[in-house]
Amino acid sequence: MMKQYDNQSNVETIALKKSGYDSLIYKPSERVGAIIVPNFPNLGKLAAQRFIEWVQRNPGGVISLPTGKTPEHFIKWVTHYLKRWSHDGVQKELGEAGIDPSRKPEMGSLHFAQIDEFFPISPLQHNSFNYYVKKYYIDGFQLDPSKALLIDTSSLGLLKERPIESIFPDYKVDLSLRNREPIDKLEFIQKNIITLTDQFCVDYETRIRDCGGIGFFLGGIGPDGHIAFNVQYSDHYSTTRLTNTNYKTQAAAAGDLGGIEIARGRPVITIGLETIVWNSTATAIIFAAGEAKAGIVSEAIESPRSINAPASVLQGVAGARFYLTHGAASKLTERRIIQIIRQDAVSDSDIENAVVSLSIHCNKPIASLTREDFLSDRFASVTLKKSGKEASDICATARQSLHSKIERGLSSVSNATFLHTEPHHDDIMLAYLPHVYHAVRDPSNHHHFTCFTSGFNAVTNNHILGELQQLKQLLKGGMPTGIRNMEDCNRLDERNRDVNLYLEGIAAEREDWMKEACARRLLRNLIQVLEDDNISNLMNRIDELVSYFTTQYPGKKDLPYIQVLKGMIREWESELLWGYFGFHVRNVSHLRLGFYQGDIFTETPTVSRDVLPILNLIRDINPSVVTVAQDPEGSGPDTHYKVM
């Protein structure tokens, strides 16, 4: 029987007032209510306050909460409130947020429904969502384990008798077995497991509905608009099921699973879109940060319900909300209009944005836009009126501004010292590699490249296993020349020889040279990390490492020295990139800031550990130009936000 939930909220009323907007929904374009907050951490705080309020009003209700990195601040704030409920400062903060501080929420009364899970995966693995739920929600929020609906297929059929990887080699699952006959004994077993899992999903859906349906749902939104693992084009009437995902979702999950090659073949179990909205009195909240999410957020809120935007299923649900940062809300038409109207004068940036958007919408060159075109578009029309200028004038101004930006981007900068910075080892490449091509052409410029964090999460176990095998082959001929001892390993000129050998291998199409270069660099790194240059000892340690990487499940947090070793492989790749542009390894630094330690939630940066190394580097390089490749609003990994 469907449970009736109370979804009224003082928290949202107060948060809405603080946001500077006087309505949750701005017609005619918006179809779901939205509240805008200043930044990424504030999303978690608002969601935590709304959750506490909902639990107070709905004891015994069914909650479904997200996993991964997105809910970091939500979890921290809920835990903070629950542990310090009676403290005066917390009591005051709760009251100011609209929460009754006299009634601590009855967390033990709640039923918990896990949103999704990878398949197949052991619930004992630290990168399983089952493990995450138990650690951060059941234990962290002091929920009753007996009332938790968890996705655990490890006890199904032969999965409880045999290792998962022996039934699904490389974790690849062929769901076509549902509709065809197996060709061998292994496929017969796989088909049986898939059938049992499908039945598990049906039973799971039934159990949620028997509890009255989800009353409080909180989730992020994926790059394709997915909520839970309901990817783009999912049926709005879908229920809990075993299903494949798309590339965007697989790429987002690669960090959890230990590499894209593993995520690509791994299906998932997910509650359906219908599961989320089955109880019409539910509170369903989607939170999103950063301009990277602005397009899909706008489509989910402003476009009619569509399988193109799975989150649009929330339209028509009275308790549905989007909690957004300004960046994530930046493409909501009515909000943009309100911002323009409230300004004393429209800025050049706003005019340019309006003109470019109109040009794209009308599929016309900027110079061809007319007054009638402006009047046909609400945002462009308001911008034109606010500017007090003629359409032809603001088009000419915008066109000239765009030309100027392009010219500035193409203009040469001479006699400058550049410090190029990035949180991860691929951020400069993704952000402005073409500009680097342009900037390095002037020989009067000096360039230094630095990555703030270690890259160990980007190096898979299979990759480093291959590197270790190559190194064993190299060492069969004895210790290579130029790598005699610890001192050799630390010499920058010697390390640069590795880079040159690899690049010469590319030029000569000699794969053996490239492999030797990788092996030589790995050997230097091993000697540094292990502090041992004895070849016999090194061979033994290599065998130990091979055993380690063979037995660890992908995505598991590595030991600290393994993290360093993996990170050094990523650093080697970075030196190869900048070596291709002609830069010596002395022009490349790796800060390995300490807050980045491979945990689900990275630590908060500290001044002494994380700020001073950057400051010292700036003092050492003394740059005249500092480039920044990062997303300051946290729509990408939280590392970006914390580096900023």
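In what follows, every heavy atom counts, from backbone to side chain, and hydrogens, waters and symmetry copies are set aside. Remember, predicted model here, so these are calculated numbers, not experimental data.
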S.K.: If only atom types and distance count, is the side chain of Thr13 paired as donor or acceptor with the main-chain N or O of Ser9 below 3.5 Å?
M.R.: yes

S.K.: Output, in order, the C-alpha distance, side-chain angles, deciding distance and verdict of side-chain contact (heavy atoms from CB on, under 4.5 Å) for Ile151 and Asn130.
M.R.: CA-CA 7 Å; Ile151 300 175; Asn130 185 293; 5.7 Å; no

S.K.: Return yes if some donor-acceptor pair links the side-chain N/O of Ser64 with the main-chain N/O of Phe217 below 3.5 Å, else return no.
M.R.: no

S.K.: Are any of the side-chain heavy atoms of Thr67 and Asp116 separated by less than 4.5 Å?
M.R.: yes

S.K.: Atom CD1 of Ile194 and atom OG1 of Thr153: how far apart are they, to the nearest 0.5 Å?
M.R.: 11.5 Å

S.K.: For side chain to side chain donor-acceptor pair (under 3.5 Å), just list the numbers for Glu302 and Ser298, CA-CA rounded to whole Å, side-chain angles, deciding distance to a tenth of an Å, and then say yes or no.
M.R.: CA-CA 6 Å; Glu302 296 186 326; Ser298 172; 2.9 Å; yes

S.K.: More than 12 foreign heavy atoms under 6.0 Å from NZ of Lys642: is that the case here?
M.R.: yes

S.K.: Between Ser312 and Arg305, is there a donor-acceptor pair closer than 3.5 Å when you use the side chain of the first and the backbone of the second?
M.R.: no

S.K.: Is the distance between the ring centroids of Phe51 and Trp77 less than 6.0 Å?
M.R.: no

S.K.: Describe, in one word, how the ring planes of Trp54 and Tyr5 are oriented to each other, choosing from parallel (under 30°), tilted (30 to 60°) and perpendicular (over 60°).
M.R.: tilted

S.K.: Kindly assign one of parallel, tilted or perpendicular to the pair Phe119 and Phe168, based on the angle between their ring planes and the thresholds 30° and 60°.
M.R.: perpendicular

S.K.: How far apart are the closest heavy atoms of Ala282 and Ile214, and which atoms are they?
M.R.: CB-O, 3.2 Å

S.K.: Working to the nearest 0.5 Å, report the span between CZ of Phe549 and CD1 of Ile464.
M.R.: 3.5 Å

S.K.: Taking Asp198 as the fixed residue, which of Arg178, Lys191, Arg241 is the one that meets the salt bridge (charged side-chain N to carboxylate O under 4.0 Å, His left out) rule?
M.R.: Arg178

S.K.: Is it the case that Gln56 and Asp100 place a side-chain donor and acceptor less than 3.5 Å from each other?
M.R.: no

S.K.: Which atom names give the shortest non-hydrogen contact between Leu324 and Ala329, and what distance separates them?
M.R.: CD1-CB, 3.9 Å

S.K.: We want to know whether Gln8 and Asp6 form a side-chain donor-acceptor pair, criterion being a heavy-atom distance below 3.5 angstrom.
M.R.: no

S.K.: Working to the nearest 0.5 Å, report the span between CG of Leu332 and NE2 of His326.
M.R.: 12.0 Å

S.K.: With side chain to side chain donor-acceptor pair (under 3.5 Å) as the test, would you mind laying out the steps for Thr249 and Asn246 before giving the verdict?
M.R.: CA-CA 5 Å; Thr249 304; Asn246 55 19; 2.7 Å; yes

S.K.: Search all heavy atoms of Asp235 against all heavy atoms of Ser238 and return the closest pair with its distance.
M.R.: O-OG, 2.7 Å

S.K.: Under 3.5 Å, is there a donor-acceptor pair between the side chain of Gln190 and the main chain of Leu175?
M.R.: no

S.K.: Could you measure the distance from the OG1 atom of Thr281 to the CD atom of Gln4? Nearest 0.5 Å is fine.
M.R.: 5.0 Å

S.K.: Taking all non-hydrogen atoms of both residues into account, name the closest pair between Val297 and Ala288 and its distance.
M.R.: CG2-CB, 4.0 Å

S.K.: If you count the non-hydrogen atoms of other residues, nucleotides and ligands that lie under 6.0 Å from NZ in Lys83, is the total more than 12?
M.R.: no

S.K.: Would you check, one step at a time, whether the test side-chain contact (heavy atoms from CB on, under 4.5 Å) holds for Phe141 with Val78?
M.R.: CA-CA 8 Å; Phe141 290 5; Val78 171; 3.4 Å; yes

S.K.: Could you report the tightest heavy-atom contact between Leu82 and Pro105, atom names first, then the distance?
M.R.: CD2-CG, 3.8 Å

S.K.: To the nearest 0.5 angstrom, please state how far the NE2 atom of His424 sits from the CG atom of Asn457.
M.R.: 8.0 Å

S.K.: Kindly indicate whether the side chain of Tyr237, heavy atoms from C-beta on, has any atom under 4.5 Å from the side chain of Leu273.
M.R.: no

S.K.: If we ignore hydrogens and angles and just use 3.5 Å, is the side chain of Glu53 paired with the main-chain N or O of Val11 as donor and acceptor?
M.R.: yes

S.K.: Would you mind checking if Glu72 and Lys69 are paired as a salt bridge, meaning a charged N to carboxylate O distance below 4.0 Å?
M.R.: no

S.K.: Could you walk me through whether Glu205 and Arg209 pass the salt bridge (Lys or Arg N to Asp or Glu O under 4.0 Å) check?
M.R.: CA-CA 6 Å; Glu205 181 78 18; Arg209 298 193 183 199; 3.0 Å; yes

S.K.: Are the side chains of Arg321 and Asn7 in contact, using a 4.5 Å heavy-atom criterion?
M.R.: no

S.K.: Checking side-chain hydrogen bond (donor to acceptor under 3.5 Å, both in side chains) between Tyr81 and each of Lys76, Glu93, Lys45, His87, which is the one that passes?
M.R.: Glu93

S.K.: Is it the case that Asn462 and Thr460 place a side-chain donor and acceptor less than 3.5 Å from each other?
M.R.: no

S.K.: Taking atom types as modelled, is there a side-chain donor on Asn461 or Lys566 under 3.5 Å from an acceptor on the other?
M.R.: yes

S.K.: Measure the CG-CD1 distance between Asn192 and Ile189 for me, rounded to the nearest 0.5 Å.
M.R.: 8.5 Å

S.K.: Would Asn230 and Val313 satisfy side-chain contact (heavy atoms from CB on, under 4.5 Å), going step by step from the backbone distance to the final call?
M.R.: CA-CA 11 Å; Asn230 296 283; Val313 74; over 6 Å; no

S.K.: Between the side chain of Gln563 and the main-chain N/O of Gln597, is any donor-acceptor distance below 3.5 Å?
M.R.: yes

S.K.: Do Phe601 and Tyr136 have their ring centres less than 6.0 Å from each other?
M.R.: yes

S.K.: Tell me if the CD atom of Glu106 is crowded by more than 12 foreign heavy atoms within 6.0 Å.
M.R.: no

S.K.: Side chains of His640 and Asp427: does their closest heavy-atom pair fall under 4.5 Å?
M.R.: yes

S.K.: Check whether any side-chain heavy atom of Gln91 lies under 4.5 Å from a side-chain heavy atom of Trp85, and answer yes or no.
M.R.: yes

S.K.: Indicate the atoms forming the closest heavy-atom contact of Leu94 with Pro101, along with that distance.
M.R.: CB-CB, 4.4 Å

S.K.: Check for a donor-acceptor pair, side chain of His236 on one end and backbone N or O of Ser306 on the other, with a separation under 3.5 Å.
M.R.: yes

S.K.: Testing the 3.5 Å rule here: is there a donor-acceptor pair between the side chains of Tyr132 and Glu117?
M.R.: no

S.K.: Under 3.5 Å, is there a donor-acceptor pair between the side chain of Ser303 and the main chain of Ala300?
M.R.: no

S.K.: Does Tyr204 reach the main-chain N or O of Ala113 with its side chain, forming a donor-acceptor pair under 3.5 Å?
M.R.: no

S.K.: Check whether any side-chain heavy atom of Phe229 sits under 4.5 Å from a side-chain heavy atom of Thr243, and report yes or no.
M.R.: no

S.K.: Please walk me through it: do Leu218 and Phe287 pass side-chain contact (heavy atoms from CB on, under 4.5 Å)?
M.R.: CA-CA 8 Å; Leu218 176 66; Phe287 50 3; 4.1 Å; yes

S.K.: If we only count heavy atoms from C-beta on, is the Asn127 to Ile121 side-chain gap below 4.5 Å?
M.R.: yes

S.K.: Within the distance-only criterion (no hydrogens, no angle test), does the side chain of Lys3 pair as donor or acceptor with the backbone N or O of Cys211 below 3.5 angstrom?
M.R.: no

S.K.: Any side-chain heavy atom of Thr550 within less than 4.5 Å of one from Ser547?
M.R.: no

S.K.: In terms of the angle between their ring planes, are Phe129 and Phe118 parallel, tilted or perpendicular, with boundaries placed at 30° and 60°?
M.R.: tilted

S.K.: I want to check a possible cation-pi pair here: Arg335 against Tyr26, using under 6.0 Å from ring centre and within 45° of the ring axis as the test.
M.R.: no

S.K.: Decide, yes or no, whether a salt bridge links Asp174 with Arg180 under the criterion of side-chain N to carboxylate O below 4.0 Å.
M.R.: yes

